[in-house]
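Everything on this sheet refers to the single structure shown next.
Values below: all heavy atoms of this structure, side chains included; hydrogens, waters and symmetry mates excluded.
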Amino acid sequence: AVVRAHLEKAVAAAAAAADGTAAAAAAGTLQLLDGSLAAADAVLGGSGGVAAVAAAITAHEPAAGRLLEELRLVVEANQARRKPKVAKGARDFLPDQMAIREAAFGTITSVFKRHGAVAIDTPVFELRETLMGKYGEDSKLIYDLADQGGELLSLRYDLTVPFARYVAVNAIGNIKRYHIGKVYRRDQPQLNRGRFREFFQCDFDIAGSYAAMVPDAEVLSVLVEILRDLQLGKFTVKLNHRRLLDAMLAIAGVPAQKFRPICSAIDKLDKEPWEVVRAEMVEEKGLPGDVADTIGQFVVLRGEPRQLLAVLTASEHPLAQHPDSAAALAELSSLFDYLDALGALGPISFDLSLARGLDYYTGVIYEAVLEGGNVGSIAAGGRYDKLVGMFSGKDVPAVGVSIGIERVFAIMEGQARQRAAASNTAIRATETQVLVASIGNGMQVKRMEVAAKLWAAGIKAEFGFKPNPKMGDQLGYALEQGIPFMVLFGETELQQGQVKVKDMAAKSEEAVALDGLVGHLQRLIAAPASS
C-alpha cells in the first residue's frame, strides 16, 4: 500500500509536469506490482525484493531509474526497525568509563602544562592532499569523505600532519604545544587490544630551531613522566634513529628506493617473528635473501642505551664507519646524557629493530610498550624536520610524541575494576561529595536551598529529585555512588537550626549548626587530602 501510494503520487506529478516518459514508467511499474503481489511483498520485506522489482522495472522501461531510487528510499523508510548498534571500530562510553578516561586526560594534561605547553585545536577533517603521501603504506587507512561537489576532504589520520599544516599556515617559528583530539583509521579493529577506528590521541610537540637533541630530550622526558604518573605498570621506551636505520639498510645492500618499504616490514617485528618479516622482504618486496639476512644481524641488537652505543661506536663496527650512522650515533650520545640529567634514561631501550613506518620521520624515533601487557604500543613519536616544509616550502624542525589514550584507558579500566572488586565497591561515575537528604515530607525546597549553598561554596552536592524520598533509598544511593558525606535533617533539626552530617566511611554522625555547615564540610573534605 505504501509503495502503491508513492507511485500513484509519482504518476500524478509526472502528468502535471507533462512528462510523458516518467508517467508511463510509473504507470508501468504500478502494473508490474499489481500483477505480482509477491514482488510487492518482497519489496516491503527488504533488499531482496528491491532487487527483484529493479530488474522488472529495468526490463519494462529504462527511464524508470529515478523512480526506482525514490522507491528504494520509501522501502528503507518503512522497513521493520532494526536493533541499533554502534558502528564497527567505535564505542560508547558509560559514566564510570568516562570518569576513568577524564582522570587519564587530567593526568596527561597536567604533565603537558607543567612543561609550559600551550593548547591548540585543528579541524577533524583536512584537505585530502594535506594527508596523502605522509604515512607510507598506512595511507590506505585514511577515511575519505564523500565528494559533496566542493573540496576533496579526508578525516585526519593523526594529529601530527595537521599540526605541521597548522605551523605552516600560521607562519609559526617556535611553539611547544599539546593537542588532545579524535583521529580516524580504516584499520581492522581489535577491541581487546584497544585498537579502534575512532580514537583519541594526546600529542605533545616542540617545533622550532634549538640546540641539537635538547627538545628531543624534553619530549621523551614528558613521555616518561606521563607513563610514571599514570601508574600503568613497568614500561619500556624503545628508541632508534631514522638515519641509523637508513645507514643500516645501505650497509646491508638495500636499494635506496626500497628503504621505506623495507622499514615498513621491519616495523612489524613487534608483532611478527623474524621469519615472517624476512619472508615479506624477500617474497613480497623482492629483496635478495643475503641482504635480508644482513638486516637480521642488525635488528637483533638492543639493550641499555650507553652500553649498546659503546658497541656501535667501536671503530671496527660498520655503523661507526658509515658517515650518516656515525652522525646519528653522536646525536644519540648527547641525547642519552640529557635524558640522564632529566631522570628519564632508566626506561629507555636502544633498539635497532624499531622502524616506525611513517614516512615523515627524519631523526630520533621511539615507542613505549607496557611490559607484560598485550595492548601493543601505548605511545610513539619522533623527529620530523621536513614535514612543515611540505606545506610552506620552509622547513621548521619539529619533534613530538603521541599517547594512545584508548590503550592506556583499557589498562586503567582493568586496574580500576580489579580495585573495585577487591574492595567490594563500585567505580565512581560522579565526584559528588555530599548528598543532601531529608526525613519526613515537604522537605524538597529546603534540600534545594542547602544544596545551592554548598554549590556556591564549590562543594559538589546532590539533593535528589523525589519530593518525599525514603531514608533507606537515600542511604542506599549514597552507598552505591560512593558519596562520602550526607547532610540529614527533618522538622526537628530545622527548628533547632541544625543538620546532621554523616561520615559514610567512619560511620559516624554529628549535629552541626546550619550556619556553620559549609565550613564544617570543607574541613571534612580537605582532611583526607591532607592526611
Side-chain angles (χ1 to χ4, degrees), residues 101 104-105 107-113 115 117-122 124 126 131 134-136 138-139 141-142 155-167 175-185 187 193-207 215-227 229-230 232 235-240 242 267 270 344 347-348 354-370 375-385 387-388 398-412:
R101 193 175 80 176
F105 282 155
T107 298
I108 293 168
T109 301
S110 68
V111 176
F112 291 159
K113 288 183 176 180
H115 281 261
V118 297
I120 70 163
D121 197 10
T122 62
V124 74
E126 295 277 352
L131 303 182
K134 313 298 190 305
Y135 303 105
D138 283 350
S139 291
L141 303 181
I142 293 174
L155 295 178
R156 61 190 180 197
Y157 175 90
D158 65 3
L159 299 179
T160 304
V161 171
F163 171 60
R165 192 268 309 151
Y166 173 94
V167 171
I175 187 173
K176 182 190 292 186
R177 84 85 165 89
Y178 73 90
H179 186 187
I180 297 177
K182 286 185 176 181
V183 299
Y184 300 85
R185 298 183 184 179
D187 205 351
R193 300 189 69 198
R195 177 178 291 176
F196 296 87
R197 289 179 170 176
E198 178 195 58
F199 55 96
F200 274 97
Q201 283 189 336
C202 304
D203 280 23
F204 177 91
D205 293 78
I206 302 174
D216 309 65
E218 183 172 14
V219 170
L220 278 162
S221 178
V222 165
L223 170 60
V224 170
E225 287 177 40
I226 286 173
L227 296 182
D229 289 357
L230 289 172
L232 302 175
F235 61 90
T236 298
V237 179
K238 301 178 183 179
L239 182 145
N240 200 0
R242 200 60 180 261
D267 193 37
D270 63 334
I348 306 295
L354 181 66
R356 300 291 297 145
L358 302 182
D359 283 357
Y360 52 67
Y361 288 123
T362 59
V364 174
I365 51 177
Y366 31 84
E367 183 175 278
V369 295
L370 192 67
V375 294
S377 167
I378 55 176
R383 173 161 285 280
Y384 49 98
D385 288 347
L387 187 56
V388 176
V399 61
V401 66
S402 178
I403 313 295
I405 191 63
E406 303 300 335
R407 294 178 178 182
V408 167
F409 168 77
I411 299 166
M412 292 181 67

- Under 3.5 Å, side chain of R177 to main-chain N/O of A119, donor-acceptor pair present? no

- Query: Nearest heavy-atom pair of Y384 and Y360: which atoms, and what distance?
  - Reply: CB-O, 3.3 Å

- Under a 4.0 Å N-O cut-off, is there an ion pair linking R185 with E198? no

- Roughly how far, to the nearest 0.5 Å, is NE2 of H179 from OG of S402? 10.5 Å

- Message: Would you say that F200 contacts F409 through its side chain, given a criterion of any heavy-atom pair below 4.5 Å between the two side chains?
- Response: no

- Task: Measure the spacing between CD1 of I206 and OH of Y178 and express it to the nearest 0.5 Å.
- Result: 15.0 Å

- Query: Is L141 close to D138 at the side-chain level, that is, under 4.5 Å between some pair of heavy atoms?
  - Reply: yes

- Under the ring-ring contact (aromatic ring centres under 6.0 Å, His included) rule, collect the residues that match up with F163, sequence neighbours excluded. none

- Task: Answer whether the closest heavy-atom distance between the side chains of V118 and I175 falls below 4.5 Å.
- Result: yes

- Query: What's the spacing between Y157 OH and E126 CD if we round to 0.5 Å?
  - Reply: 15.5 Å

- Query: Should L227 and I378 count as side-chain neighbours, where that means a heavy-atom distance under 4.5 Å?
  - Reply: yes

- Message: What verdict does the side-chain contact (heavy atoms from CB on, under 4.5 Å) test give for V369 and F235, after you've listed the backbone C-alpha separation in whole Å, the side-chain angles of each residue and the deciding distance to 0.1 Å?
- Response: CA-CA 6 Å; V369 295; F235 61 90; over 6 Å; no

- Query: Do any N or O atoms from the side chain of T236 and from the backbone of K238 form a donor-acceptor pair under 3.5 angstrom?
  - Reply: no

- Item | ring-ring contact (aromatic ring centres under 6.0 Å, His included) involving Y366 - partner list, sequence neighbours excluded | none

- Message: I want to check something: taking the side chain as every heavy atom from C-beta on, are T160 and L387 in contact at a cut-off of under 4.5 Å?
- Response: yes

- Task: Working to the nearest 0.5 Å, report the span between CG of D187 and CZ of R195.
- Result: 5.0 Å

- Query: Stepwise, does the side-chain contact (heavy atoms from CB on, under 4.5 Å) test hold for V399 with D205?
  - Reply: CA-CA 6 Å; V399 61; D205 293 78; over 6 Å; no

- Task: Test side-chain contact (heavy atoms from CB on, under 4.5 Å) on D229 and V111 and set out the steps.
- Result: CA-CA 9 Å; D229 289 357; V111 176; 3.5 Å; yes

- Task: State plainly whether the residues D216 and R383 are in salt-bridge range, i.e. N to O under 4.0 Å.
- Result: yes

- Message: Can you confirm whether V124 sits close enough to R156 that some side-chain heavy atom of one is under 4.5 Å from a side-chain heavy atom of the other?
- Response: yes

- Query: For A117 and F204, which heavy atoms make the closest approach, and how far apart are they?
  - Reply: CB-CE1, 3.6 Å

- Between OG1 on residue T362 and CG on residue D385, distance to nearest 0.5 Å: 4.0 Å

- Check whether any side-chain heavy atom of L239 lies under 4.5 Å from a side-chain heavy atom of I365, and answer yes or no. no

- Query: Looking only at heavy atoms, what is the nearest atom pair of V219 and G400, with distance?
  - Reply: CG1-C, 3.7 Å

- Taking all non-hydrogen atoms of both residues into account, name the closest pair between L223 and A379 and its distance. CD1-CB, 3.5 Å

- Query: Backbone N or O of L354 within a donor-acceptor pair of the N240 side chain at under 3.5 Å?
  - Reply: yes

- Given side chains that start at C-beta, do those of L159 and V183 come closer than 4.5 Å, heavy atoms only? yes

- Taking it one step at a time, do I405 and Q201 satisfy side-chain contact (heavy atoms from CB on, under 4.5 Å)? CA-CA 6 Å; I405 191 63; Q201 283 189 336; over 6 Å; no

- Note on the structure: Rounded to the nearest 0.5 angstrom, the CZ-CZ distance for F199 and R407 is 8.0 Å

- Task: For the pair K176 (side chain) and H115 (backbone), establish whether a donor and an acceptor sit closer than 3.5 Å, ignoring hydrogens and angles.
- Result: yes

- Any sub-3.5 Å donor-acceptor pair from T109's side-chain atoms to F105's backbone N or O? yes

